Amino acid sequence: MTSKRRKSTLKPALDTDTAFSQRLMHWFDRARRDLPWRRTRDPWAIWVSEVMLQQTRVEAVRAAFERFVARYPTPESFANASDDALMLAWKGLGYYRRARLLRDGARVVVRDHRGAVPQDADKLAELPGVGAYTRAAVASIAFDLRIAAVDGNVERVLARHLALRDDVDAAVGKRAIRAAADERLDHDRPGDHNQAMMELGATVCTPQSPRCDQCPLAADCRGLAQGIVMTLPRKKPPRAPTLVKARVAVVRQAGGVLALRIPDGEPNAGQWELPGPGALVSVEENEFSARTRSRCRAGIEVGPVLAEVRHAITHHKITVVAHAGALRSRNAGSLRAQEPTDPDVPWTTISRKVFAAMHESESD
DNA sequence: AAAACGGGGGT
DNA sequence: ACCCCAGTTTT
């Protein structure tokens with residue numbers, strides 16, 4: 001057999017790209033998983049799935065997705081959801097702020113687009129919570145628009161295929177990735193192409209132990225040829241974390257414990273947490289009462305330590321010390337009694353960790 | 001227990 | 001170009 005590789009430089013880019021997408025599509029047609037959001041072309045459902053998938057593994061999204069779209073089948077239905085309903089609908093997925101942004105987006109769809117997700121890439125990008133990635137994903141998967149989606153998976157696949165040594169977080173690296181993604185996009189099946197790239201990154205071209213022997217793109221992968229796959233993509237080193245020693249009080253009342261609904265503007269707004277100065281505020285034990293009073297409008301005295309839990313958010317490493325507490329003011333201010341085990345109360349993750357740790361030490 | 005991972009918004 | 005938001009899974 002003679003090589004089919006062309007020597008001509010007439011249309012080298014096109015030739016290479018066609019082969020790229022053919023190999024990718026052939027692989028995807030065989031390897032694609034049957035997922036609920038791949039059985040619909042409804043742009044709202046696809047939008048929802050993309051937002052969920054940004055933060056959670058496929059398996060966790062499976063159940064949540066079907067429950068969510070059954071409960072909120074249209075942007076309009078979700079636009080009208082209350083904060084509490086939103087929390088419940090998003091339960092188990094974390095990153096509640098994204099659910100709020102999704103609702104903001106749904107509200108704009110209702111207000112500016114008569115409730116229909118706009119079939120236009122620029123209009124999509126104007127929606128709250130829809131950035132470059134989500135815009136590309138929805139536009140290509142729901143509407144067949146020819147826009148390459150670049151998420152972390154795609155970034156990794158391309159950086160390796162190109163042997164791109166630039167920092168992918170810096171402007172030069174971003175431009176290179178973007179250009180490579182656009183160049184390789186399959187114009188006949190843009191939605192499938194984007195999904196295939198992401199699936200390849202998630203299942204074959206994985207961060208730690210890539211299965212290059214199973215990769216449809218290995219033949220012309222320059223990173224593999226140069227033996228630098230594991231070093232890519234290059235990113236700038238993360239910033240050193242800030243250490244926080246936060247404190248909360250466990251004040252038993254009316255069969256539950258006192259809790260604060262986190263005010264708008266603070267992290268985790270709308271969720272419930274144990275009273276204290278806040279999850280990102282370091283305080284000594286003797287400062288607790290004063291700092292808590294200003295935020296919770298209630299006087300709380302703290303006693304013995306019941307539990308310590310650790311939690312990490314962004315560049316904060318938080319140690320939360322949970323004290324037994326007692327209410328000293330006449331009324332509870334902004335605090336309400338809530339049941340720790342009530343599945344309908346959207347406790348913060350830190351609060352749940354505290355309850356779990358207390359439960360463990362009890363059963364010892 | 002530490003490390004790894006990621007997309008959107010705001011300044 | 002920078003910082004902030006916010007968790008789960010893997011090692």
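Below, chains carry the letters A, B, ... as their sequence lines are ordered, and counting in each starts from 1. Here the structure is a predicted model, which is why all the values come from computation and not from measurement.
- Close to B:dC5, at under 4.0 Å from its OP1 or OP2, lies no side-chain N or O of A:Asn153.
- Distance CZ (A:Arg135) to P (B:dG9): 13 Å, rounded to an integer number of Å.
- Within 4.0 Å (heavy atoms only), A:Ala312 reaches at least one base atom of the nucleic acid.
- A:Asp151 places its CG atom 5 Å from the P atom of B:dG7, with the value rounded to the nearest Å.
- Although no hydrogens or angles enter the test, the distance criterion places a donor-acceptor pair under 3.5 Å between the side chain of A:Trp90 and the main chain of A:Gly94.
- The gap from the P atom of B:dC5 to that of C:dC5 amounts to 22 Å, rounded to the nearest Å.
- Nucleic acid contact class of A:Val51 (heavy atoms, under 4.0 Å, all strands): none.
- Taking atom NE2 on A:His311 and atom C1' on C:dG7, their separation rounds to 6 Å, with Å as the unit.
- For the OP1/OP2 pair of C:dC3 and a distance below 4.0 Å, the side-chain nitrogens and oxygens of A:His315 include no atom meeting the criterion.
- At a threshold of 4.0 Å, the pair A:Arg178-A:Asp182 counts as salt-bridged, since one of the basic side-chain nitrogens sits closer than that to a carboxylate oxygen.
- We find that A:Arg295 and A:Glu266 are joined by a salt bridge, their nearest charged nitrogen and carboxylate oxygen being less than 4.0 Å apart.
- Distance CD (A:Glu50) to P (B:dG7): 10 Å, rounded to an integer number of Å.
- Of the residues near DNA chain C, A:Tyr95 and A:Lys236, the one whose nearest nucleotide (by heavy atom distance) lies more toward the 5' end is A:Lys236.
- Separating the CZ atom of A:Arg310 from the P atom of B:dA3 is a distance of 14 Å, rounded to the nearest angstrom.
- You'll find that the side chain of A:Leu280 is closest to C:dC5, out of B:dC5, C:dG7, C:dC5.
- The CZ-P distance, from A:Arg62 to C:dT8, rounds to 20 Å in whole Å.
- Between the side chain of A:Asp84 and the backbone N or O of A:Gly270 there is no donor-acceptor pair closer than 3.5 Å.
- Between the side chain of A:Tyr133 and the base of B:dG7 there is no donor-acceptor pair of N/O atoms closer than 3.5 Å.
- Looking at A:Ser77, its side chain does come within 3.5 Å of a backbone N or O of A:Thr74 through a donor-acceptor pair.
- Mapping A:Thr134 and A:Gln208 onto DNA chain B by nearest heavy atom places A:Gln208 closer to the 5' end of the strand.
- Within 3.5 Å, a donor on the side chain of A:Arg98 pairs with an acceptor on the base of B:dG7, or the reverse.
- Mapped onto DNA chain B by nearest heavy atom, A:Ala125 and A:Arg57 fall at different nucleotides, with A:Arg57 at the one closer to the 5' end.
- Distances from the side chain of A:Ala171 to the nucleotides C:dA1, B:dA2, B:dG9 place C:dA1 closest.
- At least one test fails for A:Arg247 against the ring of A:Phe288: distance under 6.0 Å to the centre or angle within 45° of the axis.
- A:Trp47 places its CH2 atom 15 Å from the C1' atom of B:dG7, with the value rounded to the nearest Å.
- Distance from the side chain of A:Gln54 is smallest to B:dG8 among C:dG7, B:dG8, B:dA2.
- Within the 4.0 Å cut-off from OP1 or OP2 of C:dC5, not a single side-chain nitrogen or oxygen of A:Gln271 is found.
- In this structure, the NZ atom of A:Lys353 is 9 Å from the P atom of C:dG7, given to the nearest Å.
- For C:dG7, the OP1/OP2 oxygens have no side-chain nitrogen or oxygen of A:Thr56 closer than 4.0 Å.
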